[in-house]
2 protein chains.
Amino acid sequence: MSRLSIGDLAKRTGTKVETIRYYERIDLLPAPARTRNNYRSYDDDHLGRLSFIRRARDLGFPLDQVRELLDLADQRDRSCEAVDVIARQHLAEVERKIADLNALRGELTDVISRCEHGIVADCRIIGALVPAIEN
Amino acid sequence: MSRLSIGDLAKRTGTKVETIRYYERIDLLPAPARTRNNYRSYDDDHLGRLSFIRRARDLGFPLDQVRELLDLADQRDRSCEAVDVIARQHLAEVERKIADLNALRGELTDVISRCEHGIVADCRIIGALVPAIEN
DNA sequence: TATGGACCCTGTAGCCACTATAGGGTCAAG
DNA sequence: CTTGACCCTATAGTGGCTACAGGGTCCATA
């Protein structure tokens, strides 16, 4: 039944103190008890919940999906289909971003490869950016 | 010597009107002349510059790099090495993001593949998020 | 001539997920 | 008794826009 200061909780979860306060402000992490000095005092539930949030964030889930996952995690008798849906949605989003970035990398590599290290006036990188304007 | 309204410029460059005003506010695009009605009136230089900005943005360059590229593009006698450096930096950044997202995709795929479509209490996706807390 | 719709203007607030700063209070060690 | 490490609140800043609110202007049509 350990009690943690915000700094301790931060260390245990690899979160910045300001971020923890931010999570409280947006009602992602419940407000903890306070000591007589008005310091926040966290318990194991907070530790578990914040660890969950951090893991989900590390996996790239946006905060509103994290919120949904937290809600679902509490409804232990329900089907986990909703969980699967959220995870798959997120995976699809990640794959879309990868595809976009790969296309981008192709273009950039292409542009850079044409650089002949001369002067700016002849630079193919700049050339690829300067538009050919038709009337 | 065509004169463009902000709406025309927006159409020609595929930019939103609000974005053009934003670029002016942050001194990325020079403030144009005004008509007697106080409407913005753009010339070909603006068109060229905004097109340049948009292309660079499409290639994912952040605005401060776009700013540098614009400055460099004007110094036509200088070596284009600085241009090459910026482009390569950006490419490296893009590649880093791709690597991060690929790692993420791996983890997500892994987590999702273990879902057995039962109830939340047994859900492996949630399980992968709920931490095993040691004292 | 009235009116409607498509433009244009400024200024401000909102988005996401934090991060940083200012300006203080509290506490234990040396 | 002071130093430094914590803690508190409230607010503003980040990037790159986007979306109002609350007006003005212009042209065509009824």
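Sequence lines set the chain letters: A, B, ... in the order given, protein chains first and strands last, and positions in each chain run from 1.
For A:Asp84 and A:Arg88, the salt-bridge test passes: some basic side-chain N is under 4.0 Å from an acidic carboxylate O.
Taking each heavy atom of B:Val66 and B:Phe61 in turn, the nearest pair found is CG2-O, 3.7 Å. Counting all heavy atoms, side chain and backbone alike, B:Pro62 lies closest to B:His90 at CD-ND1, 4.3 Å. When all heavy atoms of B:Ser79 and A:Val120 are compared, the closest pair comes out as O-CG2, 3.7 Å.
Taking atom CD of residue B:Glu24 and atom C1' of nucleotide D:dG16, one finds them 17 Å apart after rounding to whole Å. Spacing between atom CG of A:Leu59 and atom P of C:dA17 amounts to 15 Å, rounded to whole angstrom units. In this structure, A:Arg25 places its CZ atom 10 Å from P of D:dT9, rounding to the nearest Å. Across the protein-nucleic acid pair, B:Tyr22 atom OH and D:dC20 atom C1' stand 18 Å apart, rounded to whole Å. Rounded to whole Å, atom P of D:dG24 lies 17 Å from atom CZ of B:Arg34. Going from atom CD1 of A:Ile26 over to atom P of C:dC16 covers 10 Å, rounded to whole Å. The distance between atom CG of A:Asp8 and atom C1' of C:dC27, rounded to the nearest whole Å, is 15 Å. The interatomic distance linking B:Arg21 (CZ) with C:dT10 (P) rounds to 7 Å, in whole Å.
Contact check, A:Arg40 against D:dC8: a side-chain N or O comes under 4.0 Å of OP1 or OP2. The side chain of A:Arg36 contributes no N or O atom lying less than 4.0 Å from OP1 or OP2 of D:dC8. An OP1 or OP2 oxygen of D:dC7 is reached within less than 4.0 angstrom by a side-chain nitrogen or oxygen of A:Ser5. Listed pair A:Thr19 / C:dA17 fails the phosphate criterion, with no side-chain N or O lying under 4.0 Å from OP1 or OP2. The side chain of A:Tyr23 contributes no N or O atom lying less than 4.0 Å from OP1 or OP2 of C:dA17.
Distances from the side chain of B:Asn38 to the nucleotides D:dC17, C:dA17, C:dC9 place C:dC9 closest. Looking at the side chain of B:Leu63, the nearest of the listed nucleotides D:dT9, C:dT21, D:dC17 is D:dC17. Here the side chain of B:Val17 is nearest to one of D:dT18, D:dG16, C:dC8, namely C:dC8. In the set C:dC8, D:dC8, C:dT26, the nucleotide with an atom closest to the side chain of A:Asn37 is C:dT26. Ranking D:dT9, D:dG16, C:dC18 by closeness to the B:Pro62 side chain, first place goes to D:dG16.
Counting heavy atoms from C-beta on, the side chains of B:Arg67 and B:Ile26 come closer than 4.5 Å. Taking 4.5 Å as the limit, every side-chain heavy atom of B:Thr15 sits out of range of all side-chain heavy atoms of B:Ile53.
Among the heavy atoms of the strands, none lies under 4.0 Å from A:Phe61. No engagement by A:Arg67 is indicated, since no non-hydrogen atom pair under 4.0 Å with the nucleic acid exists.
Nearest-nucleotide positions on DNA chain C for A:Lys16 and A:Tyr39 put A:Lys16 closer to the 5' end.
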